[in-house]
Novice: 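Questions regarding the structure given below will be posed in turn.
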Amino acid sequence: MDLREIKELLKCKVLANDDKLDMQVDCICASELMSSVLTCSGNNKLLVTGLNNLQVIRTAEMSDIPAVIFVQNRKPSAEIVELAKEKEIVVMYTKYSLFTVCGMLYQAGLRSGQDDN
Amino acid sequence: MTTEKIRPLVLEYTIVSGDFAGGGKAASDVKRCLSQLGCQSEVIRRVAVATYEAEMNMIIHSFGGKITIYISSDNIRILCEDTGPGIPDIELAMQEGYSTASDKIREMGFGAGMGLPNMKNCSDFFCIDSGEGQGTKVEMVINL
Ligand SMILES: Nc1ncnc2c1ncn2[C@@H]1O[C@H](COP(=O)(O)OP(=O)(O)O)[C@@H](O)[C@H]1O
Ligand SMILES: [Mg+2]
């Protein structure tokens, strides 16, 4: 599944790097714990989170996570979006809750990147 | 191997206690440098994660300090030194899930008690020296 399909599925609004929506997503990392995200290895990960601060982008940067979805209309600030642009990380947000987002992505065939840790 | 071209290089960062918004600046800069040097992406990820966790620990738990990164053709050495308050029981602090972080820090996504174990997992050599009322010194080496 690519980011564009995920964007449509979750009715996301894209705030940063909408030219990178062709990227394939292989696994999902859904967490509010940044240290837990940092243990997530593997490529083409998508981070789904209910947190909303600059450290979300920093964490994605360190873990080589190329895309982040903020749930439940937690629209990230301009500062967060700026840093994401600089680090070439796709940023989107959706009205759906973390639970619903995970359910929809699971139903679409995506799996966690953390279960075999 | 591209890494053989690396000449010894030292990077230094000052870490300010409580500077949550600035957290990750050092790790980000190290990451950028190693990418420019052509290091393997897995090595870069391990250095970036280890440096970031150390940086956040200094911001959240310490009075501030310094991170120095030594890059040679064999390895990358990350030296973190702060001025206190120190860790009274290192064995306890190393346990996954142990954290003294406040609720405010937890709301920001930190304080899961996984930072020190993460740092150890990312490195080939890990050493921590601390004690109540003294500074904390962490040394990590990641082989190239
Ligand atoms: N640089 C430091 N100075 C003082 N205490 C520290 C430092 N680093 C870690 N600690 C102590 O060790 C505990 C565990 O650290 P860590 O595994 O990174 O978890 P967390 O940062 O999520 O609390 C911290 O809660 C804190 O009590
Ligand atoms: Mg920590």
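Nothing here was measured: the structure is a model prediction, and the numbers come from that model.
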Novice: Which pairs with one or both residues in residues 35-58 of chain A pass salt bridge (charged side-chain N to carboxylate O under 4.0 Å, His left out), sequence neighbours excluded?
Specialist: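 Listed once each, the pairs are A/Arg58-A/Glu61.
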Novice: At their closest point, which heavy atom of B/Ser28 faces which heavy atom of A/Lys87, and how far apart are they?
Specialist: OG-NZ, 3.0 Å
Novice: With the 4.5 Å side-chain cut-off for hydrophobic clustering, are A/Val14 and A/Val68 part of the same group?
Specialist: no
Novice: Which heavy atom of B/Ala112 sits nearest a heavy atom of A/Leu33, and at what distance?
Specialist: CB-CD2, 3.9 Å
Novice: So how far is it from B/Lys25 NZ to A/Leu83 CG, rounded to the nearest 0.5 Å?
Specialist: 9.5 Å
Novice: Using a 6.0 Å cut-off, check whether atom CD of B/Glu42 has over 12 heavy atoms from anything other than its own residue.
Specialist: yes
Novice: Would the number of heavy atoms belonging to other residues, nucleotides or ligands and lying under 6.0 Å from NZ of A/Lys20 be above 12?
Specialist: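 Yes, NZ of A/Lys20 has more than 12 neighbouring heavy atoms, counting only those of other groups under 6.0 Å.
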Novice: Of the backbone (N, CA, C, O) and the side chain (C-beta and beyond), which part of A/Leu51 lies under 4.5 Å from a heavy atom of chain B, both, or neither?
Specialist: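 For A/Leu51, the side chain is the part near chain B, not the backbone.
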Novice: Do A/Met92 and A/Ile80 share a hydrophobic cluster, counting only Ile, Leu, Val, Met, Phe, Trp and Tyr and linking them when any side-chain heavy atoms are less than 4.5 Å apart?
Specialist: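 Hydrophobic grouping puts A/Met92 apart from A/Ile80.
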Novice: Please tell me if the side chains of A/Asp64 and B/Lys31 come closer than 4.5 Å, counting only heavy atoms from C-beta onward.
Specialist: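 Yes, their side chains come closer than 4.5 Å.
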Novice: Give the interface residues of residues 50-58 of chain B toward chain A, defined by a heavy-atom separation under 4.5 Å.
Specialist: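 The stretch touches chain A at B/Tyr52, B/Glu53, B/Met56.
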Novice: How far apart are the closest heavy atoms of A/Met62 and B/Ala48, and which atoms are they?
Specialist: SD-CB, 3.8 Å
Novice: Got a sec, which residues hit ring-ring contact (aromatic ring centres under 6.0 Å, His included) with B/Phe110, two or more places apart in sequence or on another chain?
Specialist: B/Phe20
Novice: Quick one: what part of B/Glu107 sits under 4.5 Å from any heavy atom of chain A, side chain, backbone, both or neither?
Specialist: backbone
Novice: Is it the side chain or the backbone of A/Thr59 that comes within 4.5 Å of chain B heavy atoms, both, or neither?
Specialist: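 For A/Thr59, heavy atoms of backbone and side chain both lie under 4.5 Å from chain B.
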Novice: Any ring pair (Phe, Tyr, Trp, His ring centres under 6.0 Å) pairs touching residues 52-97 of chain A, not counting sequence neighbours?
Specialist: none
Novice: Side-chain heavy atoms nearer than 4.5 Å, only ILVMFWY residues, links allowed to pass through others: does that put A/Ile65 and B/Val30 together?
Specialist: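 Same cluster.
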Novice: Is atom CD of A/Gln24 surrounded by more than 12 heavy atoms (other residues, nucleotides or ligands) closer than 6.0 Å?
Specialist: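 Yes - once you tally the heavy atoms of other residues, nucleotides and ligands closer than 6.0 Å, there are more than 12.
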Novice: Establish whether B/Ile69 and B/Met119 are linked, either directly or via other cluster members, by ILVMFWY side-chain heavy-atom contacts under 4.5 Å.
Specialist: yes
Novice: Specify the closest pair of heavy atoms between B/Met114 and A/Ser35, including all atoms of both residues, with the distance to one decimal.
Specialist: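 That closest heavy-atom pairing would be CB-CB, 3.6 Å.
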